[in-house]
2 protein chains.
Amino acid sequence: MRLRHIEVFHSVYTTGSITGAAKLLFVSQPSVSKVLAHAEMQLGFQLFHRNKGQLIPTPEADMLFTEVDKTYRQLRSIRKMSENIKRNDFGQINLAFTPALGFDVVPKALAKFRQEHPNIRFDLETTHNDQALQALTEHRCDLALLYSSPPMPGVTKIECGEGEIVILYPKAQFPDEPKVLSPEQLGKTELIGIWDSGPLGELAYDRLTNDGVQVESNLQVTSYYVAARMVAQGLGCCTIDKFTALGNLSDKVGIASFAPPLTFKINGLYLDNRPLSKVSEAFLKYLKTEISQ
Amino acid sequence: MRLRHIEVFHSVYTTGSITGAAKLLFVSQPSVSKVLAHAEMQLGFQLFHRNKGQLIPTPEADMLFTEVDKTYRQLRSIRKMSENIKRNDFGQINLAFTPALGFDVVPKALAKFRQEHPNIRFDLETTHNDQALQALTEHRCDLALLYSSPPMPGVTKIECGEGEIVILYPKAQFPDEPKVLSPEQLGKTELIGIWDSGPLGELAYDRLTNDGVQVESNLQVTSYYVAARMVAQGLGCCTIDKFTALGNLSDKVGIASFAPPLTFKINGLYLDNRPLSKVSEAFLKYLKTEISQ
DNA sequence: CAATCCCATAACCCTGGTTTATGGGCCAAG
DNA sequence: CTTGGCCCATAAACCAGGGTTATGGGATTG
C-alpha cells in the first residue's frame, strides 16, 4: 500500500465519492479511480462496493480506515514539522556561554532572534572554559561560546567575532578619563589580579609583563564582573574584557584601551559528531552582529 | 515528503549508512543515495552531514526521526492489518440467528471455522424473525440467519440451504419408529401447536390443513425447542424443524418426514448499504456445508 | 426524453525511482 | 607507498506508476 493509495483511500472514504475525492486532491477523476482500483488489486480485497454509481465502504475498509486515519494524521504532522524546521520555526537551542556574554551580548541577540523565530526553545547555561567540554560531551548544550578557547579533540571551533581586553579604572584615579592608558600610567596604579582566570588572564598578564608593568597585586579575583565592581568601589584598576566592562558600568569608572589594542577571538564550539542545527546557525548570525558592535 | 523518502530516511537513520539502508530495502545503493538527496532537496535542509564517507544525522534529522518513526510503525501496522484481512485472519463477525440454529449448526460451523481462522472475533445473538430487521439496522449484527424470511426493504437476502419440517413423535405412540407419517396417522395423534411462531408455523399449518388434518390442539407453544421437550414427555406430536429436532433428541422420541418432505429455505440477511465482510462470507461457506448435511 | 451526475476504460505522456557502470575519498593491511 | 576494500556520489538508460484528456454507460431527475 503506497502513500498515494492511503491518501486516495482516505479521501474517497471521507468524501464518499471518487469525484469528490478527486476535487479534494486536485487531480482528475479517472486518476483517483485508477489508483483506488490499483490499491484494491494490490490489497487483494475490495475497499468499496460499487452499487449503481455509488460507493459503499466494505467492512474491511472500515477496519482499515481506523488505522489509515491515524497514519494520515501522522503524515500531516511530519509535513508540518518539516515546514517548521525549514523556516527555523521549530526546535531548541541549548547554549552554554562564558559569563561575560551573559550581561548584554546573549540577551540582546536572543531578543532580536526571538522576534523572527518566536517558537524556538532556549536552554541557557553559563560555563567557564574548563567546563565547556564536559557540557558538550554530556549533551547539556549543543553550542558553547567561549573566549579564545584552545583546540579540543573531537570539537569543531568556529570564530564568532573579536573581543577586546580593556582597562577599567576608577575615574577618581584618572579624572581626565583617558581612552588609552600607557604601560607607564598602568605601572603607577594598583592592579586587581585576574591572571588565573582562563586564557584571558594569561593574555593580559603576558602583555603587561612584556610592557614592563608590575603585575603583583594583593587583590586576586577569579570572576571578571566581580573585579569590575571592585573597580567601581575605587579599589584599583583591572584588565577585563570589554563586554563585562560595558555590562557593569557605573559613573565612577572609565574604560581605556591598551595601545595597541589587545584583542582576542570569541569562539563557538560544538562536537564533531553533533553538527549544529540550522536554527543554531541562524542564531549565531544574530550573535555575531551583536558581538561586532 | 513522499512515503519512499520516509522509508529511505528511516532506513538510513537506523542503519547509519546508505549502503546498509540499501541492503535493508533490497535496492541498489545509488537509488538510496539519490532518493535521500531528493528528500533533502525537497525538505530544504540537510538530514545528514557527509563527513569522510560517513553520515552524521543533523539535529533536524533527530527531530524528524521521532515523528517519522511513529508513522513508520503505523505504516507497518497498516500493512500487517491488510495482510490479515486478506487472509481472513482479522475482523469480527456479529451474527444473529434463529434459536433453532443455535443447538448444533452454528456451534459446529463455528468450531470448524475457528480452526482455520482462530483470530476472528464473534458476537452471537439469537433472534426471532420479527426482531432481525431491528438487530440489523441497529448494527447489533452484520448478518442474520433466519428460516424462510420474507423480503425486507433495504435488506439483501441470500440462500444458505434448505431445512425440513419433520414430525417429532413419542416412540410410545409409534413403537415401530416410522420414518414417514401419513396424514391419516397424524390425524389420530394429539398435535402440539406452534402455528403462531413465525413462517414455519404457517408452513406446517397450511400443509396439514391441505392434507385434511385437524390442527386444533389444546397445547400451544411458541418456542420450537420447548415443543420438542414436550414431545419427549409424551404429551403429543409436533411439527418442528429438523435442526431443533436433532438438537433435542432423546431415546423417547422419533423423527418422521412428511410425504413428500416439507422443506423451507434458510436465509442470510444483511443490509444493502453494509455489504458482508469477506470473513463473514468465508464463514457462510462453513455454515452452508454444515446445513447441507 | 433530455440533462446531469458518477464511475470505468482507453490511450497517451511524463516524472521519479530503479538499474548498471564508474569514479573518488578514506582506511587498513601488506 | 601501494593495493584492495568500503562507502558515497554521479552519469546514463530504463521502466512504471500515476497523471492527463476523451469517451461511454448506468442511474437519477426534471
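Proteins come first, then strands; the chains are lettered A, B, ... in the order of their sequence lines, and each starts at number 1. Remember, predicted model here, so these are calculated numbers, not experimental data.
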> A/Val27 has a side chain; which of C/dT18, D/dG18, D/dT20 sits nearest to it?
Replying inline: D/dT20
Contacts under 3.5 angstrom, residues 145-152 of chain B side chains, donor-acceptor by atom type, not counting sequence neighbours:
{"unit_1": "B/Tyr147", "atom_1": "OH", "unit_2": "B/Asp241", "atom_2": "OD2", "d": "2.8"}

>> Rounded to the nearest 0.5 Å, what separates atom CD1 in B/Ile158 from atom NZ in B/Lys288?
In response: 5.5 Å
> Taking only residues two or more places apart in sequence, or in another chain, which ones meet B/Lys285 in a salt bridge (charged side-chain N to carboxylate O under 4.0 Å, His left out)?
Replying inline: none
> Who are the salt bridge (charged side-chain N to carboxylate O under 4.0 Å, His left out) partners of A/Glu116, not counting sequence neighbours?
Replying inline: none
> Rounded to the Å, how far apart are B/Phe48 CZ and D/dC7 C1'?
Replying inline: 15 Å
>> Using the ring-ring contact (aromatic ring centres under 6.0 Å, His included) criterion, which residues pair with A/His38? Sequence neighbours excluded.
In response: A/His5
> Can you find a heavy atom in the side chain of A/Phe45 that is under 4.5 Å from one in the side chain of B/Ile85?
Replying inline: yes
> Tell me: CD1 of B/Ile56 to C1' of D/dC8, nearest whole Å?
Replying inline: 14 Å
Dump the pairs, protein N or O against N or O of nucleotides 4-9 of chain C, anything under 3.5 Å, distances to one decimal.
{"unit_1": "C/dC6", "atom_1": "O3'", "unit_2": "A/Gly53", "atom_2": "O", "d": "3.3"}
{"unit_1": "C/dC7", "atom_1": "OP1", "unit_2": "A/Ile18", "atom_2": "N", "d": "3.0"}
{"unit_1": "C/dC7", "atom_1": "OP2", "unit_2": "A/Ile18", "atom_2": "N", "d": "3.4"}
{"unit_1": "C/dC7", "atom_1": "OP2", "unit_2": "A/Thr19", "atom_2": "N", "d": "2.8"}
{"unit_1": "C/dC7", "atom_1": "OP2", "unit_2": "A/Thr19", "atom_2": "OG1", "d": "2.4"}
{"unit_1": "C/dA8", "atom_1": "OP1", "unit_2": "A/Arg50", "atom_2": "NE", "d": "2.5"}
{"unit_1": "C/dA8", "atom_1": "OP1", "unit_2": "A/Arg50", "atom_2": "NH2", "d": "3.4"}
{"unit_1": "C/dA8", "atom_1": "OP2", "unit_2": "A/Ser33", "atom_2": "OG", "d": "2.8"}
{"unit_1": "C/dA8", "atom_1": "N7", "unit_2": "A/Gln29", "atom_2": "NE2", "d": "3.0"}
{"unit_1": "C/dA8", "atom_1": "N6", "unit_2": "A/Gln29", "atom_2": "OE1", "d": "3.2"}

Under 3.5 Å, which donor-acceptor pairs do the side chains of residues 6-21 of chain B form with other protein atoms, sequence neighbours left out?
{"unit_1": "B/Glu7", "atom_1": "OE1", "unit_2": "B/Arg4", "atom_2": "NE", "d": "3.1"}
{"unit_1": "B/His10", "atom_1": "NE2", "unit_2": "B/Asp69", "atom_2": "OD1", "d": "2.7"}
{"unit_1": "B/Ser11", "atom_1": "OG", "unit_2": "B/Glu7", "atom_2": "O", "d": "3.1"}
{"unit_1": "B/Tyr13", "atom_1": "OH", "unit_2": "B/Asp62", "atom_2": "OD1", "d": "2.6"}
{"unit_1": "B/Thr14", "atom_1": "OG1", "unit_2": "B/His10", "atom_2": "O", "d": "2.8"}
{"unit_1": "B/Thr14", "atom_1": "OG1", "unit_2": "B/Ser11", "atom_2": "O", "d": "3.0"}
{"unit_1": "B/Thr15", "atom_1": "OG1", "unit_2": "B/Ser11", "atom_2": "O", "d": "2.8"}
{"unit_1": "B/Thr15", "atom_1": "OG1", "unit_2": "B/Ser17", "atom_2": "N", "d": "3.4"}
{"unit_1": "B/Thr15", "atom_1": "OG1", "unit_2": "B/Ser17", "atom_2": "O", "d": "3.0"}
{"unit_1": "B/Thr15", "atom_1": "OG1", "unit_2": "B/Ala21", "atom_2": "N", "d": "3.3"}
{"unit_1": "B/Ser17", "atom_1": "OG", "unit_2": "B/Gly20", "atom_2": "N", "d": "2.8"}

> Over how many whole Å does the gap from B/His5 atom NE2 to C/dG16 atom C1' extend?
Replying inline: 8 Å
>> Between A/Ser31 and D/dG18, is there a contact of a side-chain N or O with OP1 or OP2 at under 4.0 Å?
In response: no
> Can you check the A/Leu25 CG to D/dT20 P distance for me, whole Å?
Replying inline: 10 Å
>> Using the salt bridge (charged side-chain N to carboxylate O under 4.0 Å, His left out) criterion, which residues pair with B/Lys23? Sequence neighbours excluded.
In response: none
> For the helix from C/dC1-D/dG30 to C/dG30-D/dC1, what is the angle between the axes at its two ends, each from 5 pairs, rounded to 10°?
Replying inline: 20°
> In whole angstroms, how far is the P atom of D/dC8 from the CD atom of B/Glu40?
Replying inline: 13 Å
>> Without decimals, in angstroms, what is the distance between B/Arg4 CZ and C/dT19 C1'?
In response: 14 Å
>> For a quick test of reading the model: is some side-chain N or O of A/His38 closer than 4.0 Å to OP1 or OP2 of D/dG18?
In response: yes
> Excluding sequence neighbours, so at least two apart, what forms salt bridge (charged side-chain N to carboxylate O under 4.0 Å, His left out) with A/Lys157?
Replying inline: none
>> Please report the distance, rounded to the nearest Å, between CG in B/Leu3 and P in C/dT18.
In response: 11 Å
